Amino acid sequence: MAEIDKSLSDTKTTVALPGEVEIEEAVKEKIEEVQTDSGPVEIEMTEEGGAEVSFDPKVASPEGGEDHFENLAEFLEDDILDPLGLKLIDSYNEYKESRADWEDSYREGLDLLGFKYQRRTQPFRGASGVNHPVLAEAVTQFQAQAYKELLPADGPVRTQILGDVTTPKEDQATRVKDFMNYQIMDQMKEYEPEFDQMLFYLPLSGSTFKKVYYDDLLGRAVSKFVPAEDLVVPYSATSLDDAESIIHIVKISENELRKQQVVGFYKDIELGTPPVTQNQLEDKKLELEGITKDGQEDQYTIYEIHTNLDLEGYEDVDAEGEPTGIKLPYIITVAEVNSKVLSIRRNYSSQDPLKKKKNYFVQFKFLPGTGFYGFGLIHMIGGLTRTATAALRQLLDAGTLANLPAGFKSRGVRIRDDAQPLQPGEFRDVDSPTGAISDQFMQLPFKGPNQTLLQLMGICVQAGQRFASIADSQVGDMNQAAAVGTTVALLERGSRVMSAIHKRLYVGLKEEFKLLAQVFKTYLPPVYPYDVPGASREVKVQDFDDKIDILPVADPNIFSQTQRISMAQTQLQLAQSNPQVHDLYQAYRSMYEAIGVKNINAILPPPVQPTPIDPSMEEIAAMGGKPFQAFPGQDHKAHIDSHLNFMKSNMVQNSPAVMGALQKNILERISLMAQEQIQLEFQQELQQAQQMQQALQANPQNPQLVQQVTQLTNTINSRKAVLIAEM
């Protein structure tokens, strides 16, 4: 049989045939596979006895059917791709220029972290180059608090059942929660370290991003951290939803790029050597890390552009097949080195008639700000940090000059090197007439550290800490006997900023988990078995439906353990103030859980549940003030007789509490005896009443059925009352 080596990126296909077989008969079947209504397939014999099959590559491209997400760049000519690449690069440069001020503020603010000590020569050699740590402290403490709350050791995902709670839904919710926590904490190796890094970047830049997608090479879902500087949007965008274009700047090694080209993800075109690019923000980060570029670039920069296009050859058409002019969502990848288009893929589902854009990004905001990127601590307390740093340096310099005085010593009337400033501890020769030795030295009048300047620095530091909510909570230092309302008010006042930020993170995390669930729903097999320590489990692809809501395990109203302990302590105080209406055991247990005690049952044993006991033990319990109760199936008459005899004693008659407990138990047993007697006498009637109640629920407007149920219920209740009276 003839074999056809067909490549959609070529316009000709070579067919090798046996010499005795006619071309029309041998390739007829293969020709029909590429023959379409949009153009003919031409066949030309070759001298080697084969044939060249020529066809339009766009005709053979998949259109809405199989391979919906095929790389369309393989089917488009360079006269379409090259102008498109240049246009997209121009748009990127325009968007990036519009946020230049934001990048400058961010870059300059990184110096305020004080990661790199400055060796200063002005105003004198050896002047202090220290930075006040108010910004670094705020960033570090926020990262530590948020990381612990949002990513617990057991996993960050919990589930919530939508609608009526049923046993199948509960099982489904458990499977979804266990599987997602297993994937995030065990299989997605990049998730935990990148989430940790993201929480450090977030308070600095004001915005960070996560990109959620399915990685074909890894064969699993991925949630990658994307710094704010690597995601560019138009200046008119206020959120990811209304952004006309989203550009993700991707750094990729030459070998990794070649892998993607070989597997067909990117178009196989020559890109040359990566050019050396200047990125001031990236250079500043490397400087803080103590890393210097060697002048050579070892990675390519590609731009992954999520935008809408009216692409020639793939236009949106109406019912009559005419182009509508509506732009459709695409993901276009363009190389920076030569503006070549590496891939074009549809960014909507093949099953979606509305062709809505698929979203891959989640934005986390520190403060909403006035634009897309939001504000971070660099923007909000950067000025206070600069002021505190300047005041701290002046105080240190003043102390240095006061401890190492400089001045003049006489040597004639001429001063050597009088054009250079004096350094701490330096004395210079001065030409002066002879006289007393004490008259030959003169110290410059340097003042020591100024108290006013010290107080000013303290005000700046306190203002920055108060804004960033990094000051220690006043609840722990206050009087423990203070009113509960005072405690709650202090807690709310000291945590309002962090609480709002934590809620924004909660919303972003919830959106990220929903995108992950959508990836699982798309790429999981019908049943996916997996192993965890000590157990084997499975999840079904149908579990990821609209019946289960996926939420972060973190509480959006609590952002730190200090806040949780304060709330548990307040709850315990309320329970202790009125134990009659509170469950003290649960209040103490909540307190132990808040402070992180693991084996609570060893410290706080659960209350013993009542069990059936004999009459004498019930009487002992009554005398000790301990609870006891009647249970169905006991010999109630024997218990009642024993209690009545015991109640005749003088000791019980002189103790109203014991007498009341025994009388209560006797009445419980009389009621149970009546119920048990009713069940024996009216067994059929009770079953009939139950059936009639079910029928009444199905047809509540049936007056005859209502009357029958009422009569039967009254009969049973009357008999029960008679039995109780007789007992």
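Numbers here simply count residues along the sequence, with the first being 1. Given the structure is predicted, the values throughout are model-derived calculations rather than measurements.
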Atom pair [atom1] ([X]) and [atom2] ([Y]), whose distance is rounded to the nearest 0.5 Å:
{"X": "Asn131", "Y": "Leu113", "atom1": "CG", "atom2": "CG", "result": "8.5 Å"}
{"X": "Leu202", "Y": "Leu367", "atom1": "CG", "atom2": "CG", "result": "9.0 Å"}
{"X": "Leu667", "Y": "Leu662", "atom1": "CG", "atom2": "CG", "result": "11.0 Å"}
{"X": "Phe366", "Y": "Leu505", "atom1": "CZ", "atom2": "CG", "result": "8.5 Å"}

If we ignore angles and hydrogens, is there a donor and acceptor under 3.5 Å between the side chains of [X] and [Y]?
{"X": "Ser207", "Y": "Gln363", "result": "yes"}
{"X": "Asn359", "Y": "Glu511", "result": "no"}
{"X": "Ser239", "Y": "Asp241", "result": "no"}
{"X": "His643", "Y": "Glu619", "result": "yes"}
{"X": "Asn665", "Y": "His639", "result": "no"}
{"X": "Tyr182", "Y": "Gln187", "result": "yes"}

Check whether [X] reaches the backbone of [Y] with its side chain - one donor and one acceptor, N or O, closer than 3.5 Å.
{"X": "Thr140", "Y": "Ala136", "value": "yes"}
{"X": "His379", "Y": "Phe375", "value": "no"}
{"X": "Arg504", "Y": "Lys365", "value": "no"}
{"X": "Gln634", "Y": "Phe631", "value": "yes"}
{"X": "Ser642", "Y": "Ala638", "value": "no"}
{"X": "Lys514", "Y": "Leu551", "value": "no"}
{"X": "Asp196", "Y": "Glu192", "value": "no"}
{"X": "Lys211", "Y": "Ser223", "value": "no"}
{"X": "Gln172", "Y": "Asp543", "value": "yes"}
{"X": "His582", "Y": "Leu584", "value": "no"}

Apply the salt bridge (charged side-chain N to carboxylate O under 4.0 Å, His left out) test between Glu618 and each candidate in Lys664, Arg669, Lys626; give the one that qualifies.
->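 It is Arg669, the one option of Lys664, Arg669, Lys626 that forms the salt bridge (charged side-chain N to carboxylate O under 4.0 Å, His left out) with Glu618.
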Can you list the steps and then say if Phe225 with Phe209 is a ring pair (Phe, Tyr, Trp, His ring centres under 6.0 Å)?
-> CA-CA 6 Å; Phe225 161 56; Phe209 302 89; 9.2 Å; no
Mark yes when over 12 heavy atoms from residues, nucleotides or ligands other than Lys540 sit less than 6.0 Å from its NZ; otherwise mark no.
-> no
Please confirm whether Tyr147 and Phe200 have ring centers closer than 6.0 angstrom.
->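 Here the rings of Phe200 and Tyr147 have centres that are no less than 6.0 Å from each other.
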